[in-house]
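Numbers restart at 1 for each chain; the letters A, B, ... are given by sequence-line order, proteins then strands.
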Amino acid sequence: MSELEAEYRLEYFEEEGFHRKQCPVTDVYFWTRDPDRETCGEPPADDYSFIDNPGFDEEYTLEEMREEFLSFFEEHGHERIEPYPVAANRWRDDVLLTQASVYDFQPLVTSGQTPPPANPLCISQPCIRMQDIDNVGKTGRHTMAFEMMAHHAFNAREEAGDQYAYSGEVYWKDETVELCDQFFEHMGADLEEITYIEDPWVGGGNAGPAFEVLYRGAELATLVFMSMEQDDEGEYEMKDGNRYSPMDTYIVDTGYGLERWTWVSQGTPTVYEAVYPDMIEFLKENAGISLSEEEEELVHRAAKLSGYLDIDEIDDLTAARAEVASELDVDSDELTELLHPLETIYAIADHCRTLAYMFGDEIVPSNVGTGYLARMVLRRTKRLVDDVGVDAPLDELVDMQAKRLGYENRDTIRDIVRTEERKYRETLERGRRKVEALAAEYAEKEEAIPVEELIELYDSHGIQPEMVEEIAADAGADVDVPDNFYSLVAERHGGGDASTASTAREERLADLPETEKLYYDDQERTEFEAVVLDVIEREEGYDVVLDQTMFYPEGGGQPADHGTLSTDDTTVQVTDVQIRDGVVLHRTDGNPGKGEFVRGQLDVERRRRLMRHHTATHIIGYAARQVLGEHVRQAGAQKGTERSRLDVRHYSRITREEVKQIELVANDLVMQNRAVKQNWPDRHEAEAEHGFDLYQAGSRRDRTSGRSPSTTTCRPAAGRTSAGPATSARSRSSRPSRSKTALSGSSSPPATPPSRRPSAPRTRSTTPRTCSTSRPRTSRRPPSGSSPSGRSAARRSTG
RNA sequence: GGGCCCGUAGCUCAGCGGUAGAGCACCUCCUUUGCAAGGAGGACGCCCUGGGUUCAAAUCCCAGCGGGUCCA
């Protein structure tokens with residue numbers, strides 16, 4: 001880490017007369033203007049000194065603080081960017097939720113493959129961090145939902161030329177720290193009190209020097225200078241034990257916690273009171289919590305002390321509570337009794353905001369992915385609400401937050417919450433009946449309910465062992481819950497060890513170059529010529545690898561093309577096509593011969609049918625969105641030549657009437673006979689125009705080319721535009737999603753099968769792409785060509 | 001994305017190779033002035049769908065659809 005020391009010696013620090021010191025409490029190195037300062041400013045070295053002593057000139061609400069930050073940076077040369085959804089898995093597949101503003105620009109912008117929407121830019125990005133869920137409400141400062149205000153600058157080294165989507169330096173460390181200082185000054189902070197702690201940052205394969213910016217005991221900003229990538233030969237060893245070397249791109253990644261800044265401006269005992277004053281008030285009243293002046297005072301003092309409980313020592317929370325109690329000279333249990341309802345209320349407010357973000361950004365509760373997380377948060381919230389005796393309906397509470405956050409799909413949000421609440425209630429009832437039956441059975445046998453049953457109840461039916469104990473007690477049955485219950489459950493899941501032993505066939509594939517995919521270039525072509533690079537014998541038939549192919553492999557629920565490969569001597573049937581790491585495998589009934597020159601011929605009729613079904617599924621998806629709401633997304637699809645199926649995510653069962661309505665809208669669209677176009681815009685342009693629906697369909701972009709495996713899209717531009725704002729990124733301003741498409745008076749259109757849709761001329765606005773048969777897999781370079789601005793990054797996932 | 005559980009009468013569920021059962025609800029009658037009343041009788045099932053195994057499938061196997069749940 002000390003290797004980075006030079007990285008922190010900024011000219012700006014020099015000019016401003018900063019001193020570098022080491023904290024005697026935490027051992028970290030930090031920079032300060034105050035020559036007499038000894039400690040770094042971070043708890044436990046320093047206390048929260050802003051409580052009852054606000055750190056800025058004025059008090060700010062959440063909304064005011066956000067605006068203050070954004071307009072300040074706008075005035076200092078940054079372009080304001082609309083926030084991205086909290087569901088980060090809508091544009092990247094390595095994470096579920098947005099946890100930082102930089103998530104918006106990973107991995108394509110940070111790697112230089114595609115340009116940022118603006119440079120430099122500022123943003124206030126809603127984020128959700130589930131990892132602190134147990135701390136929420138208790139520590140006075142943890143929230144699950146928060147906004148990360150940030151300014152970012154994307155730089156590329158001059159030597160790198162123009163091989164990245166941006167070039168040159170916008171600004172780097174000195175300017176970043178200066179901007180940070182200026183913003184503090186603008187807010188009326190005392191610059192003497194600010195400390196910049198050296199804290200190298202590592203994450204997601206990247207690293208760089210970073211500062212934590214402390215003011216009055218609160219960490220108010222983190223300034224990260226992302227400039228290195230993991231490299232075993234690298235010259236820097238970072239705290240994760242890996243080695244890193246400098247990258248060609250280097251990025252200013254800052255984070256200013258909106259809630260913390262608001263809190264410090266108000267100096268309230270907890271962050272929640274500063275951020276959700278109205279809701280806290282409402283909840284207190286509703287739950288009938290009213291404190292005497294004396295109690296109020298006590299709570300106030302206790303909150304100040306619990307403000308710096310160590311976040312990492314959750315186990316010690318009760319011990320810490322006891323310590324606080326003794327410091328206040330009150331009974332520990334009494335204090336807990338007093339604080340517990342308040343903590344619950346804080347958590348409810350925070351969780352409701354989390355839910356508002358999730359449902360507002362069109363996450364639909366389910367058993368997978370972000371939907372599962374949303375479900376867990378909702379159930380937890382429901383338990384808290386019942387626990388503390390708030391009798392307002394949950395959908396109303398979530399709506400309070402949704403309203404404040406400015407979402408316009410609030411009716412849908414409420415509908416989702418009510419539906420989920422009902423399902424949860426049903427699950428609990430079902431569980432109760434099941435446990436009662438089981439308890440009666442074992443009570444009769446005079447045996448304890450075995451652990452196996454408990455695991456089954458929890459794993460398959462969601463019934464906590466505590467609940468089993470409770471119900472069983474009433475039925476007179478015994479239960480023994482082992483201490484390691486949850487690890488027993490985990491064990492049950494852990495069984496499958498994926499065989500990592502790569503087969504000889506896979507090794508052979510690894511040596512082959514990626515197949516050039518001609519099907520992206522011209523969908524009308526049905527014949528091509530290629531060289532047989534390898535032929536791998538299978539149990540039945542062969543896998544033929546070519547240098548290039550028109551054969552479209554199975555993927556995204558679409559079956560593979562069929563056809564033939566012919567040499568002068570022989571013709572083999574292609575009956576299946578698969579893709580492995582960019583290598584296309586043609587399953588054939590015969591061996592065309594390695595090194596042979598072959599002509600490929602597609603089964604044209606089959607291809608046409610598949611294309612029509614492909615387009616048709618998009619039409620259905622669009623229609624479903626019109627009828628059911630903007631939150632509707634494709635969950636999966638199975639296309640065929642005779643029939644196709646589209647699965648969509650929705651929060652309740654689709655009724656017969658809704659299906660009918662979807663058919664009407666879809667058929668109407670078909671009858672309009674629109675053109676299907678294909679183009680390859682820059683990523684942010686595509687997002688701006690179409691929103692994050694771009695990435696739905698669950699189809700992964702082709703890993704190596706960065707392009708989508710599909711080539712058509714049936715999002716008729718006019719249809720989208722007329723349907724209101726298209727971008728989900730702006731769903732905060734989108735219309736209520738329940739509206740149905742009004743069909744003009746025409747009597748129900750004839751049920752034209754989508755496959756009869758006349759094949760519209762397909763145009764491409766992109767310039768021809770130069771081909772290279774062996775594009776290096778790890779290259780960050782965009783493919784060379786006349787459109788170097790990251791065309792490859794435009795991931796038009798429509799499969 | 002993976003694991004597991006479940007689709008049987010209107011509802012809740014049992015049955016788990018040999019022609020479909022219980023409780024509640026429903027209908028009829030009797031009894032009874034009650035808090036989920038008591039008695040007698042009765043009606044109600046493509047046992048989710050499609051394949052397979054079998055002399056025989058609600059039951060076993062495979063696939064699909066639907067619902068639930070846990071985990072990442």
Side-chain angles (χ1 to χ4, degrees), chain A residues 87-90 92-97 99 128-131 133 204 363-380 382-383 419-442 444 450-468 471 475 481 484-500 555-557 559 633-640 642-656 658-659 695-701 703 797 799:
Chain A
N89 64 341
R90 286 169 66 183
R92 51 193 292 188
D93 54 19
D94 55 337
V95 292
L96 293 176
L97 295 168
Q99 298 202 18
I128 294 174
R129 289 191 183 171
M130 303 277 296
Q131 51 267 44
I133 192 163
I363 290 174
V364 176
S366 77
N367 60 334
V368 292
T370 52
Y372 179 68
L373 299 181
R375 176 166 284 173
M376 289 304 103
V377 173
L378 186 139
R379 291 182 176 190
R380 185 190 178 90
K382 174 71 179 157
R383 287 194 294 270
T419 305
E420 267 306 290
E421 228 182 328
R422 197 196 71 228
K423 285 186 183 176
Y424 184 40
R425 198 170 53 239
E426 284 168 1
T427 291
L428 290 179
E429 280 165 14
R430 228 187 345 263
R432 172 167 286 275
R433 282 193 299 269
K434 221 169 188 82
V435 176
E436 277 167 354
L438 207 62
E441 183 190 331
Y442 282 95
E444 182 137 339
V451 177
E452 255 318 301
E453 297 277 13
L454 291 182
I455 293 176
E456 169 75 13
L457 284 171
Y458 176 73
D459 203 29
S460 297
H461 305 287
I463 304 160
Q464 257 91 358
E466 296 76 42
M467 183 175 161
V468 178
I471 298 168
V481 183
N484 62 341
F485 178 76
Y486 289 98
S487 51
L488 288 176
V489 175
E491 227 167 79
R492 183 165 159 166
H493 288 270
D497 54 307
S499 63
T500 45
R633 242 162 280 291
Q634 181 175 332
Q638 185 57 58
K639 288 146 216 164
E642 301 300 324
R643 50 183 290 179
S644 295
R645 193 190 74 238
L646 179 75
D647 305 332
V648 298
R649 277 190 220 295
H650 185 51
Y651 52 86
S652 68
R653 207 192 169 98
I654 298 172
T655 65
R656 205 48 240 171
E658 286 167 332
V659 170
Y695 309 117
Q696 75 171 295
S699 78
R700 259 139 235 267
R701 82 202 132 91
R703 218 162 254 158
S797 277

**Student:** Strictly by Watson-Crick or wobble contacts shorter than 3.5 Å, is anything paired with B:C26, and which nucleotide is it?
**Tutor:**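 Across any shown strand, B:C26 pairs with B:G42.
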**Student:** Between B:A56 and B:A9, how far apart are the two C1' atoms, rounded to whole Å?
**Tutor:**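 Taking atom C1' in both B:A56 and B:A9, they lie 25 Å apart.
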**Student:** Look at all strands and tell whether A:Met130 reaches a base, only sugar-phosphate, or nothing, counting heavy atoms closer than 4.0 Å.
**Tutor:**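 A:Met130: no heavy atom of the nucleic acid under 4.0 Å.
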**Student:** Say we look at B:G15 and B:C5: how far apart would their P atoms be, to the nearest angstrom?
**Tutor:**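 Going atom to atom, P in each nucleotide, I get 16 Å.
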**Student:** At under 4.0 Å, does any side-chain N or O of A:Arg430 touch on OP1 or OP2 of B:C5?
**Tutor:**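 A:Arg430 to B:C5 OP1/OP2: no side-chain N or O under 4.0 Å.
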**Student:** Could you check whether A:Arg432 gets within reach of a base, just the sugar-phosphate, or nothing at all, counting any heavy atom under 4.0 Å?
**Tutor:** nothing
**Student:** When you compare B:G10 with B:G64, how far apart are their P atoms, in angstrom units rounded to a whole number?
**Tutor:**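 About 29 Å, rounded to a whole number of Å.
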**Student:** Contact class for A:Glu426 vs. all strands (heavy atom < 4.0 Å): base, sugar-phosphate, or nothing?
**Tutor:** nothing
**Student:** Looking at every non-hydrogen atom in both residues, tell me the closest pair between A:Ile463 and A:Gly431 and how far apart they are.
**Tutor:**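 In terms of heavy atoms, the two residues are closest at CD1-CA, 3.3 Å.
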**Student:** Closest to the A:His461 side chain: B:G68, B:C5, B:U69?
**Tutor:** B:C5
**Student:** Ignoring the backbone of A:Val368, work out which of B:C4, B:G1, B:C13 is nearest its side chain.
**Tutor:**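 Closest nucleotide to the A:Val368 side chain: B:G1.
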**Student:** What's the closest nucleotide to the side chain of A:Asp459 if the choices are B:C5, B:U69, B:G3?
**Tutor:** B:G3
**Student:** So, does A:Ser460 get its side chain near the phosphate of B:G3, meaning an N or O under 4.0 Å from OP1 or OP2?
**Tutor:**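 Indeed not, no polar side-chain atom of A:Ser460 lies that close.
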**Student:** Among B:C5, B:U69, B:U12, which is the nearest nucleotide to the side chain of A:Arg433?
**Tutor:** B:U12
